[in-house]
Amino acid sequence: MNLCEAKGCAVGSFNTPNLESIMAVIGAAEELNVPVIIQHAQVHEEIMPLATIGPIMLELASQAKVPVAVHIDHGETVEYIYRALNLGFTSVMYDGSTLPFEENAANTRLVVSLAKRTGASVEAEIGCMGRRETGAGSAGAGNDPEKIYTDPGEAKRFVELTGIDALACSFGTTHGVYISKPKLDFSVVEKVRKNAGIPVVMHGGSGVSQEDFRTAIQKGVRKVNYYTYMAMAGGETIVNQFRMGCIPVEKNGKKYKYCYSLMESDKDVPVMYHDIVQWGTQAMKENCKKAMEIFAMK
């Protein structure tokens, strides 16, 4: 992030809960010749355990042709972060944003002391961005929980108390799919960056416009977390390969979609699992490349 500060750009930090997403992200970074961060969120433990995916992330990062950092995203417990540090993760995020300020600060100080033993950097968060970073939010998921924007004064005090290296800033973004157009307060980013004196991290990057990304970076964002729309790009491409169509249906007062696959009978050939993996991986890589170019201010 120091390099990003010097260049006035941001590094992309992509959640990679499976092998395909790791390959997509690193492949995109290599094609563009830009550094990148691959990360694993504790909430993705049910999709892929850290004990399984962590060593794979570290191995592929070491083989990459560009610098690749390996990060824990939204570590909710000190014990989980300790496990990642022991594996060799180069940076970690402790998320105590739902806790009282003092408790969040105390836990974060402990994480900083653990990270110093391995030379890892630490990100933390104050404020609240709503939904957890599962990528599961949708227009039908109800209202996003009330956001709590980061207070610049508290940010300064938090950094002084903890000694963290980067701060996740809540300024209107949301994890997952946006229910409505986000209302971003860039003055929060600018004031937090000025008061705290460390790089600002933008979470909930999926779905933000190119113009808003550039403005956030100009105001002081140096790391952008990104996952949902990358994962959606892979999923949508696979669906399109099967020529899926949907018809709206209403039954017993509820609205449904009746989905089907339309294919010429003489072209109905078996689909191999490795084909599905390749379709999804390539689509995620192309989506990542577009995001990386924006973050690099190209």
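Here the structure is a predicted model, which means the values were calculated and not measured.
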Euclidean distance, Met48 CE relative to Ile53 CD1, rounded to 0.5 Å = 4.5 Å

Heavy-atom donor-acceptor pair, Asn252 side chain to Lys254 backbone, under 3.5 Å = no

Should the heavy atoms of other residues, nucleotides or ligands under 6.0 Å from OH of Tyr82 be counted, would the total exceed 12?
-> no

Minimum side-chain heavy-atom gap Met93-Ile72 below 4.5 Å | no

Within-4.5 Å side-chain heavy-atom neighbours: Met292 and Val25 | yes

Please lay out, stage by stage, how Arg222 and Ile217 fare under the test side-chain contact (heavy atoms from CB on, under 4.5 Å).
-> CA-CA 6 Å; Arg222 294 294 173 258; Ile217 293 168; 3.7 Å; yes

Are Val11 and Val122 connected in a single hydrophobic cluster, I mean Ile/Leu/Val/Met/Phe/Trp/Tyr linked by side-chain heavy atoms less than 4.5 Å apart?
-> no

Joint hydrophobic cluster, Val112 plus Val200, side-chain heavy atoms closer than 4.5 Å = yes

Which pair of non-hydrogen atoms, one from Ser13 and one from His71, has the smallest distance, and what is that distance?
-> OG-CD2, 4.4 Å

Does a donor on one side chain sit under 3.5 Å from an acceptor on the other, for Gln282 and Gln278?
-> no

Determine the minimum heavy-atom distance between Asn15 and Ala41, stating which atoms define it.
-> ND2-CB, 3.6 Å

Provide the closest heavy-atom pair for Met284 versus Ala24 in the form atom of the first, atom of the second, distance.
-> CB-CB, 3.8 Å

Hey, are the side chains of Val208 and Met202 touching, using non-hydrogen atoms and a 4.5 Å cut-off?
-> yes

Worked check of salt bridge (Lys or Arg N to Asp or Glu O under 4.0 Å) between Lys194 and Glu190 = CA-CA 6 Å; Lys194 181 179 179 180; Glu190 193 170 26; over 6 Å; no

Start with the C-alpha gap between Phe89 and Leu50, add the side-chain angles, then the distance that decides, and say whether side-chain contact (heavy atoms from CB on, under 4.5 Å) holds.
-> CA-CA 11 Å; Phe89 275 54; Leu50 173 63; 3.6 Å; yes

For the pair Thr173 (side chain) and His203 (backbone), establish whether a donor and an acceptor sit closer than 3.5 Å, ignoring hydrogens and angles.
-> yes

Min side-chain heavy-atom separation Leu58-Pro55 under 4.5 Å = no

Indicate if Val111 and Leu87 have the same hydrophobic cluster label, given that clusters are the connected sets of ILVMFWY residues with side-chain heavy-atom separations under 4.5 angstrom.
-> yes

Ile276 versus Phe242: any side-chain heavy-atom pair under 4.5 Å?
-> yes

Could you check if a side-chain atom of Asn18 sits within less than 4.5 angstrom of a side-chain atom of Ile47, using non-hydrogen atoms only?
-> no

Does the side chain of Tyr94 come under 3.5 Å of the side chain of Asn107 through a donor N or O and an acceptor N or O?
-> yes

Might you point out which heavy atoms bring Thr16 and Ser21 nearest each other, and give the distance in Å?
-> CA-OG, 3.1 Å

Those residues that, when tested against Asn240, pass side chain to side chain donor-acceptor pair (under 3.5 Å) (two or more places apart) = none

Could you check Phe171 against Val192 for side-chain contact (heavy atoms from CB on, under 4.5 Å), going step by step and ending with a plain yes or no?
-> CA-CA 10 Å; Phe171 61 100; Val192 168; over 6 Å; no

When rounded to the nearest 0.5 angstrom, what distance separates CE in Met230 from NZ in Lys289?
-> 15.0 Å

Give the C-alpha distance, both sets of side-chain angles, the deciding distance and a yes or no for salt bridge (Lys or Arg N to Asp or Glu O under 4.0 Å) between Arg193 and Glu5.
-> CA-CA 11 Å; Arg193 179 68 183 89; Glu5 182 68 28; 3.2 Å; yes

Rounding to 0.5 Å, atoms CG (Asp165) and NZ (Lys223) come to a distance of 11.5 Å

Beyond-backbone contact of His44 with Tyr227, side-chain heavy atoms, under 4.5 angstrom = yes

Can you hop from Ile81 to Met57 via hydrophobic side chains spaced under 4.5 Å?
-> yes

Compare every heavy atom of Asn195 with every heavy atom of Gly153, then report the nearest pair and how far apart it is.
-> N-ND2, 4.0 Å

If you round to the nearest 0.5 Å, how far is CG of Leu99 from CD of Glu76?
-> 10.0 Å

Taking the side chain from Thr150 and the backbone from Ile126, do they hold a donor-acceptor pair closer than 3.5 Å?
-> yes

Should we say atom CD of Glu211 is surrounded by more than 12 heavy atoms from elsewhere, each under 6.0 Å from it?
-> no

Please work out which of the three classes, parallel, tilted or perpendicular, describes the rings of Phe295 and Tyr226, given edges at 30° and 60°.
-> perpendicular

Is it the case that more than 12 heavy atoms not belonging to Lys298 sit under 6.0 Å from its NZ atom?
-> yes

Which heavy-atom pair separates Met1 from Pro199 by the least distance, and what is that distance?
-> SD-CB, 3.9 Å

Same cluster (ILVMFWY, side-chain, under 4.5 Å), Val70 and Leu19 | yes

Evaluate the criterion salt bridge (Lys or Arg N to Asp or Glu O under 4.0 Å) for residue pair Arg157 and Glu102; output intermediate values, then yes/no.
-> CA-CA 11 Å; Arg157 180 168 169 248; Glu102 297 297 340; 2.4 Å; yes

Taking atom CD of Glu45 and atom OH of Tyr80, what is their separation to the nearest 0.5 Å?
-> 3.5 Å

Can you find a heavy atom in the side chain of Gln218 that is under 4.5 Å from one in the side chain of Met297?
-> yes

Nearest 0.5 Å please: distance from the CD atom of Glu123 over to the CG atom of Asp73.
-> 7.0 Å

Go through His74 and Glu125 one step at a time and tell me if the side-chain contact (heavy atoms from CB on, under 4.5 Å) criterion holds.
-> CA-CA 9 Å; His74 290 281; Glu125 179 181 338; 3.4 Å; yes

